[in-house]
Peer 1: 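Quick one: the structure is below, questions incoming.
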Amino acid sequence: MAHWLMKSEPEEFSIDDLAARGREPWTGVRNYQARNFMRDDMRVGDGVFFYHSNCAVPGIVGIARVASAAYPDPTQFDPQSDYFDPKSTPAAPRWQMVDVAFERKLPRTISLDELRRHAEALGDFPLLARGNRLSVLPVSDAQWKTILALA
DNA sequence: GCCAACGTTGGC
DNA sequence: GCCAACGTTGGC
């Protein structure tokens, strides 16, 4: 079973929003590397760290699960959507996504700052890499355990 | 709001 | 196929 970290801006969609909805299509990923992780490597049941980005205290706030195989993100075909991609067509969709299901909220936020303080234990963790901007990234078994133990 | 990092676009 | 310009991400 693989593990992942997925970023969301809490003003757009927070862990509380996911808790309220139960399950949510992960729309709006427009980065090929992130898409490829969802399309090629994610499996139903994989664990996901839900990360709040672009906010007062960025960090991991909860646990979710991959709840579907990848399928085309409908927002790419919708001219009204912020995520509309005029170069994409239903016959040849560019962007894929998965559904994500709420599992639990962590008792407290494991902040980016705290994660940095455990950089050594976390080893090669892409979230902590300089200039990292990926919104979907892999988490190793060891990293998953290390981070869960912090909560 | 600033700006560093970095991905994408498009002219050549 | 190079690379400058531009847009976006996301921490601060």
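By convention in this document, chain letters (A, B, ...) are assigned in the order of the sequence lines, proteins followed by strands, and residues within each chain are numbered from 1.
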Peer 1: Please report, rounded to the nearest Å, how far the C1' atom of C:dG11 is from the CD1 atom of A:I60.
Peer 2: 16 Å

Peer 1: Whole-Å distance between B:dT8 P and A:N31 CG?
Peer 2: 6 Å

Peer 1: With A:Y51, which residues qualify under ring-ring contact (aromatic ring centres under 6.0 Å, His included), at least two apart?
Peer 2: none

Peer 1: Separation of A:L134 atom CG from C:dT8 atom P, in whole Å?
Peer 2: 17 Å

Peer 1: If each of A:N54 and A:R133 is mapped to the nucleotide of DNA chain B with the nearest heavy atom, which maps nearer the 5' terminus, i.e. the 5' end?
Peer 2: A:N54

Peer 1: Specify the separation, in whole Å, of atom NE2 of A:H52 and atom P of C:dT9.
Peer 2: 17 Å

Peer 1: Whole angstroms only, please: what is the CG-P distance between A:D85 and B:dT8?
Peer 2: 12 Å

Peer 1: Once you apply a heavy-atom cut-off of 4.0 Å, does A:R130 come out as touching a base, just sugar-phosphate, or nothing?
Peer 2: sugar-phosphate

Peer 1: Considering non-hydrogen atoms only, spot the tightest contact between A:L127 and A:L137 and give its length.
Peer 2: N-CD1, 4.1 Å

Peer 1: For C:dG10, does either OP1 or OP2 sit under 4.0 Å from a side-chain N or O belonging to A:K7?
Peer 2: yes

Peer 1: How large an angle, rounded to 10°, do the end axes of the helix from B:dG1-C:dC12 to B:dC12-C:dG1 enclose when each is built from five base pairs?
Peer 2: 10°

Peer 1: Please report the distance, rounded to the nearest Å, between CZ in A:R30 and C1' in C:dT9.
Peer 2: 15 Å

Peer 1: In terms of the angle between their ring planes, are A:F50 and A:W26 parallel, tilted or perpendicular, with boundaries placed at 30° and 60°?
Peer 2: perpendicular

Peer 1: Should we say atom CZ of A:R21 is surrounded by more than 12 heavy atoms from elsewhere, each under 6.0 Å from it?
Peer 2: no

Peer 1: I need the CZ-P distance between A:R116 and C:dG11, as an integer number of Å.
Peer 2: 8 Å

Peer 1: Are OP1 or OP2 of C:dT8 and a side-chain N or O of A:Y83 less than 4.0 angstrom apart?
Peer 2: no

Peer 1: Send over the distance from A:Q33 CD to B:dG7 C1', rounded to a whole Å.
Peer 2: 10 Å

Peer 1: As a test of reading the structure: which of C:dG10, B:dT9, B:dT8 is closest to the side chain of A:Y32, going by heavy atoms?
Peer 2: B:dT8

Peer 1: Has A:D124 got more than 12 heavy atoms of other residues, nucleotides or ligands less than 6.0 Å from its CG?
Peer 2: no

Peer 1: Using a strict 4.0 Å threshold on nitrogen-to-oxygen distance, state whether A:D141 and A:K145 make a salt bridge.
Peer 2: no

Peer 1: When you measure from the side chain of A:Q96 to the backbone N and O of A:R39, does any donor-acceptor pair fall under 3.5 Å?
Peer 2: no

Peer 1: Of all the nucleotides listed (B:dG10, C:dG10, C:dC12), which has the minimum atom distance to the side chain of A:K87?
Peer 2: B:dG10

